[in-house]
Q: 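Got a structure for you, questions after.
Here is how names work: the chains are called A, B, and so on, in the same order as the sequence lines, proteins then strands, and each is numbered from 1.
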Number of protein chains: 2
Amino acid sequence: MSDNLSNAKKHTDLSTFIAEKIREDILTGTLVADDRLPSESELSEAHGVSRATVREALKRLAAQSLIRTKRGATGGAFVNRLTFHDAYPQMASTASLLITLNEVDIATACEARFALERGCVRLAAQNRQDIHLDIMRREIARQKDPDLSDEDFCASDVAFHRALVDAAGNPVLSWQLAAAVEGIEPLMNMITYRQRDRDAVVSLHEAMLEALGSRVGSRLETLMDYLRDQTLRTALS
Amino acid sequence: MSDNLSNAKKHTDLSTFIAEKIREDILTGTLVADDRLPSESELSEAHGVSRATVREALKRLAAQSLIRTKRGATGGAFVNRLTFHDAYPQMASTASLLITLNEVDIATACEARFALERGCVRLAAQNRQDIHLDIMRREIARQKDPDLSDEDFCASDVAFHRALVDAAGNPVLSWQLAAAVEGIEPLMNMITYRQRDRDAVVSLHEAMLEALGSRVGSRLETLMDYLRDQTLRTALS
DNA sequence: GTTTGACAAATTGTCAGACATTTAACTTGC
DNA sequence: GCAAGTTAAATGTCTGACAATTTGTCAAAC
């Protein structure tokens with residue numbers, strides 16, 4: 001098999017190289033969403049490598065959600081659409097991994113989360129829809145249930161803040177915050193909430209709901225600061 | 001070869017399944033950083049699949065930076081340490097891909113970037129070191145050079161804001177903002193700066209440097225708002 | 001005309017075995 | 001003790017085959 005790749009980078013394996021090349025085509029728009037790549041046999045001929053090598057390259061791309069594969073007559077590898085929604089879990093999982101592997105303490109994680117969220121609240125106050133208020137009202141009601149487990153309380157908290165961020169109406173913000181908030185959920189899950197702590201959080205949530213309803217961004221910022229302090233106190237107690 | 005995987009999920013291929021299994025081991029701490037995985041042959045025997053399938057699984061993990069491989073006698077697949085620093089490019093590249101593939105307009109991207117960055121400036125004012133001021137001073141000096149290309153001006157802008165965010169002293173924040181700022185760099189690169197626009201940006205940067213130096217967070221927030229408006233005006237003109 | 005069923009074709013998924021390449025450790029000769 | 005060659009272990013690559021899945025085609029039956 002001819003080595004028409006001999007001019008390539010010397011010290012990377014072929015599957016990386018080929019994956020990189022296809023990735024380029026996707027990034028530059030040569031290949032667009034739902035395009036079908038050539039079959040594995042065609043790719044192996046085109047690049048002068050074996051089918052096994054091509055497959056390894058395709059697996060790399062699949063692991064990054066850049067392509068999907070389908071078997072059968074009309075099957076093959078197709079360029080993924082990669083919506084923000086699809087990228088949520090990937091992002092959150094990476095964030096979670098980074099935080100646990102690097103032993104980030106809960107104070108640092110909280111600080112980051114509230115700092116980012118604080119940046120969104122003015123936009124949220126400006127762009128919020130009624131549906132966001134409805135979601136937040138519903139979650140507050142759940143949070144008032146004293147029989148809720150700490151884990152469920154935390155999950156409801158995430159949903160509440162997710163709605164707050166979504167209210168900003170900016171998909172990029174929602175995506176980034178989803179990572180920040182959901183990525184540190186494992187850490188938050190280790191917090192033990194006493195009833196007094198929960199009451200404090202819930203009343204802050206209610207105040208935030210009202211501020212968002214009347215579109216007072218500056219009030220929301222102040223409340224976020226209170227909430228950050230409250231959460232830190234609870235976490236470190 | 002026996003099918004001791006027959007109890008697995010039916011509709012996913014084996015390489016996905018095996019990759020998922022190893023990924024679990026890393027996430028749960030069964031495998032920790034720098035641990036060596038069994039060799040490909042051993043893995044193929046252990047899972048009852050061929051070596052080719054194991055390799056595809058390993059390529060998937062490598063594409064997510066979860067493992068690295070080394071050739072030779074003491075080689076093999078090793079669990080990656082995955083520091084925040086290593087995750088920067090991965091994150092920025094995903095952000096960039098999402099933004100281009102979903103045709104996010106420059107206004108939305110800018111809005112997100114400045115909203116997030118605004119959330120950091122109070123922390124930055126609180127925790128900044130002299131080195132951050134030095135970096136920012138240096139970049140401002142570069143930005144005053146009228147012969148600088150738009151692209152270089154933009155790159156210097158990124159470095160300036162990177163220093164601002166790093167001043168907050170929170171690795172989680174730095175990581176997230178790196179994605180936001182560098183991910184939209186391709187979009188920012190399409191902006192044409194007139195000299196008047198550059199002057200406006202530079203004078204805002206100078207004011208921010210001074211505010212950060214004297215640790216006045218609220219002033220920084222105001223300046224960020226000006227900068228956002230200025231950037232949007234430039235971008236949309 | 002429509003449905004049904006069998007078959008062919010295309011494509012990915014998996015396997016087995018081989019050889020190439022790289023790297024570290026070991027052995028040997030001096 | 002040191003240098004050079006040898007060996008062993010591991011990943012990287014190739015080849016050819018077969019299995020599994022999906023769609024299309026075509027003919028026969030109704």
Q: Between dT13(D), dA10(D), dG13(C), which nucleotide gets closest to the side-chain atoms of Arg36(B)?
A: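 From the listed options, dA10(D) comes nearest.
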Q: Toward the 5' end of DNA chain C, which comes first, Ala77(A) or Ala52(A), by nearest nucleotide?
A: Ala77(A)
Q: Take atom CD of Glu40(B) and atom P of dC15(C), then tell me their distance rounded to the nearest Å.
A: 14 Å
Q: Would you kindly check whether a donor in the side chain of Arg51(B) faces an acceptor in the base of dG12(D), or vice versa, at under 3.5 angstrom?
A: yes
Q: Among dT14(C), dA24(C), dT23(D), which nucleotide has an atom closest to any side-chain atom of Lys70(A)?
A: dT23(D)
Q: Between Thr74(B) and Glu42(A), just flag the one whose closest nucleotide in DNA chain C comes earlier from the 5' side.
A: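 Its nearest nucleotide being more 5', the pick is Glu42(A).
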Q: Between dC15(C), dT14(C), dT23(D), spot the one nearest the side chain of Ser15(B), thanks.
A: dT14(C)
Q: Look at Asp134(B) together with Arg137(B) and state whether they make a salt bridge at an N to O cut-off of under 4.0 Å.
A: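 Judged by the 4.0 Å cut-off on N to carboxylate O distance, Asp134(B) and Arg137(B) do form a salt bridge.
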Q: Using OP1 and OP2 only, check whether a side-chain N or O of Ser39(A) sits under 4.0 Å from dA10(C).
A: no
Q: Please give, in whole Å, the distance from dT21(D) C1' to Arg71(A) CZ?
A: 5 Å
Q: Tell me: CZ of Phe17(B) to C1' of dG13(C), nearest whole Å?
A: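 Distance, rounded to whole Å: 16 Å.
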Q: Which one, dT23(D), dT13(D), dT14(C), comes nearest to the side chain of Thr53(A)?
A: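 Looking only at heavy atoms from C-beta outward on Thr53(A), the closest nucleotide is dT13(D).
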Q: What is the separation between atom CG on Leu43(A) and atom P on dT12(C), rounded to the nearest whole Å?
A: 8 Å
Q: Quick one: Arg68(A) CZ to dT11(C) P, roughly how many Å, whole number?
A: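 Interatomic distance, CZ of Arg68(A) to P of dT11(C): 16 Å.
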Q: Between Arg55(A) and Thr69(A), does any side-chain donor sit less than 3.5 Å from a side-chain acceptor?
A: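 There is no such pair (donor and acceptor under 3.5 Å, judged by atom type) between the side chains of Arg55(A) and Thr69(A).
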Q: Only one of Leu37(A), Val32(A), Asp34(A), Leu66(A) forms a side-chain contact (heavy atoms from CB on, under 4.5 Å) with Val79(A), so which one is it?
A: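 The side-chain contact (heavy atoms from CB on, under 4.5 Å) with Val79(A) is passed solely by Leu37(A) among Leu37(A), Val32(A), Asp34(A), Leu66(A).
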Q: Could you state the atom-to-atom distance from CD1 of Ile18(A) to P of dC14(D) in whole Å?
A: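 Rounded to the whole Å, the gap is 8 Å.
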Q: Does Thr69(A) make a side-chain N or O approach to OP1 or OP2 of dG13(C) shorter than 4.0 Å?
A: yes
Q: Please check the phosphate of dC15(C) (OP1 and OP2 only) for any side-chain N or O of Ser50(B) closer than 4.0 Å.
A: yes
Q: Report the distance from atom CZ of Phe78(B) to atom C1' of dA24(C), rounded to the nearest whole Å.
A: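 Atom CZ in Phe78(B) sits about 12 Å away from atom C1' in dA24(C).
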Q: Nearest-Å distance, NE2 (His47(A)) to C1' (dT13(D))?
A: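 Spelled out: NE2 on His47(A) to C1' on dT13(D) is 16 Å.
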Q: Could you tell me if the side chain of Asp166(A) sits less than 4.5 Å from the side chain of Ile135(A), heavy atoms only?
A: no
Q: Using a 3.5 Å cut-off and no angle test, enumerate the donor-acceptor pairs between side-chain atoms of residues 181-192 of chain B and protein atoms at least two apart in sequence or in another chain.
A:
residue   : atom : partner   : partner atom : Å
Glu182(B) : OE2  : Arg162(B) : NH1          : 2.3

